[in-house]
Novice: 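Got a structure for you, written out below as structure tokens; questions coming shortly.
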Amino acid sequence: MKRAVFLDRDGTIIEESGYLDRLERLIFFPYSVDAIRTLNDGGFTIVVVTNQAGIARGIVDEEFVGEAHRTIADRMQAGGARIDAFYYCPHYPEGTVARYRTRCDCRKPGAEMLRRAAADHDLDLSRSFIVGDRWHDLASGHAVGVRGVLVRTGLGRQDEATPDKLPSGAVVVDDLAAAAAWILQQA
Ligand SMILES: [Mg+2]
Ligand SMILES: [Zn+2]
């Protein structure tokens, strides 16, 4: 079984921009490609897990989210890095698009995206990590035994200020580069 690093997307790999609805607004943090490459080299399977309530809200469609993920994958490949899989939750209980308006198990803090990835990619969750800028990223990992790392980019500083929401054992670091270094130290 393989070890994984689950990565949140917005505020962790790329800038948090509210609802990303145009590719021009997709801005990488300068260290993201290098950080992911070091995790690839460390033998980790890299899985993006992202809540995309903008789909249920009618702001973007699944086609656009797919296009954004291809853009991210291409940028990684150009820098010698690799994201092995992308999972997104299109749902939102108060959404405006009927077929996505549901209370699901995949929206973080739910852990269904991690469970699905583990089954699809033969992952050992107990030796895996999740990196994100919101408490709900870490909570989704905590529910299935995945250790969490909060980054201070995106909305991370805000959630660092309410530590009671963070699961026990959570680590807080500045950004994805520092998270990758910390994870490799544990390995
Ligand atoms: Mg985020
Ligand atoms: Zn969902």
Side-chain angles (χ1 to χ4, degrees), residues 4-21 25-32 35-36 39 46-66 68-69 71-72 83 85-120 129-144 146-163 165-167 170-180 183:
V5 177
F6 295 96
L7 297 176
D8 171 53
R9 194 189 83 179
D10 303 336
T12 302
I13 301 173
I14 61 174
E15 299 267 9
E16 168 65 55
S17 57
Y19 287 105
L20 176 74
D21 59 355
R25 297 178 64 211
L26 195 166
I27 299 164
F28 287 84
F29 290 119
Y31 44 75
S32 291
I36 290 170
L39 291 170
I46 305 299
V47 180
V48 169
V49 285
T50 177
N51 284 354
Q52 291 299 320
I55 298 171
R57 291 173 175 273
I59 297 166
V60 293
D61 57 20
E62 294 204 56
E63 192 182 349
F64 175 80
V65 170
H69 291 173
T71 301
I72 293 170
I83 291 173
F86 290 84
Y87 292 82
Y88 62 88
C89 165
H91 308 115
Y92 191 62
E94 285 92 48
T96 53
V97 182
R99 74 175 179 286
Y100 302 116
R101 187 171 55 228
T102 179
R103 197 169 298 281
C104 63
D105 296 323
C106 45
R107 179 173 168 77
K108 296 175 283 186
E112 192 54 30
M113 290 192 284
L114 281 67
R115 284 195 204 94
R116 213 178 293 157
D120 292 347
F129 299 85
I130 186 164
V131 184
D133 68 318
R134 301 301 310 276
W135 68 269
H136 64 225
D137 298 315
L138 277 58
S140 77
H142 191 67
V144 289
V146 170
R147 189 127 186 237
V149 183
L150 185 82
V151 289
R152 296 188 175 103
T153 50
L155 299 166
R157 282 185 192 281
Q158 180 183 307
D159 279 14
E160 184 185 16
T162 53
K165 283 183 165 179
L166 298 177
V171 171
V172 184
V173 300
D174 278 348
D175 56 27
L176 180 56
I183 288 167

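Order of appearance sets the numbers: ligands from 1, and atoms from 1 within every ligand. None of the values given here were measured: they were computed from a predicted structure.
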Novice: Cut-off 3.5 Å, side chains only: do S17 and E15 have a donor facing an acceptor?
Specialist: no
Novice: Report yes or no: do Y87 and D120 form a side-chain donor-acceptor pair below 3.5 Å?
Specialist: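 Yes, side-chain donor-acceptor contact under 3.5 Å.
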Novice: What atom name does the N, O or S atom of H91 nearest to the Zn ion (ligand 2) carry?
Specialist: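 Sorting the N, O and S atoms of H91 by distance to the Zn ion (ligand 2) puts ND1 first.
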Novice: Closer than 2.8 Å to the Mg ion (ligand 1), do we get an N, O or S atom from D8, backbone or side chain?
Specialist: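 So D8 does bind the Mg ion (ligand 1) by this criterion.
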Novice: Which atom name would you report as the N, O or S atom of D133 nearest the Mg ion (ligand 1)?
Specialist: OD1
Novice: Strictly under 2.8 Å, is any N, O or S atom of E16 next to the Mg ion (ligand 1)?
Specialist: no
Novice: Checking one value in my table: which N/O/S atom of D10 lies closest to the Mg ion (ligand 1)?
Specialist: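 Nearest N/O/S atom: O.
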Novice: Can R115 and D105 be counted as an ion pair, charged N to O under 4.0 angstrom?
Specialist: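 Looking at D105 together with R115, the answer is no, because their closest N to O distance does not fall below 4.0 Å.
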Novice: Hey, are R152 and E160 close enough for a salt bridge, meaning a charged N less than 4.0 Å from a carboxylate O?
Specialist: yes
Novice: To check your reading of the site, what angle at the Zn ion (ligand 2) do SG of C89 and SG of C104 form, to 10°?
Specialist: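 It rounds to 110°.
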Novice: Working to the nearest 0.5 Å, report the span between CG of L138 and NZ of K165.
Specialist: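 Going from CG on L138 over to NZ on K165, the span is 12.5 Å.
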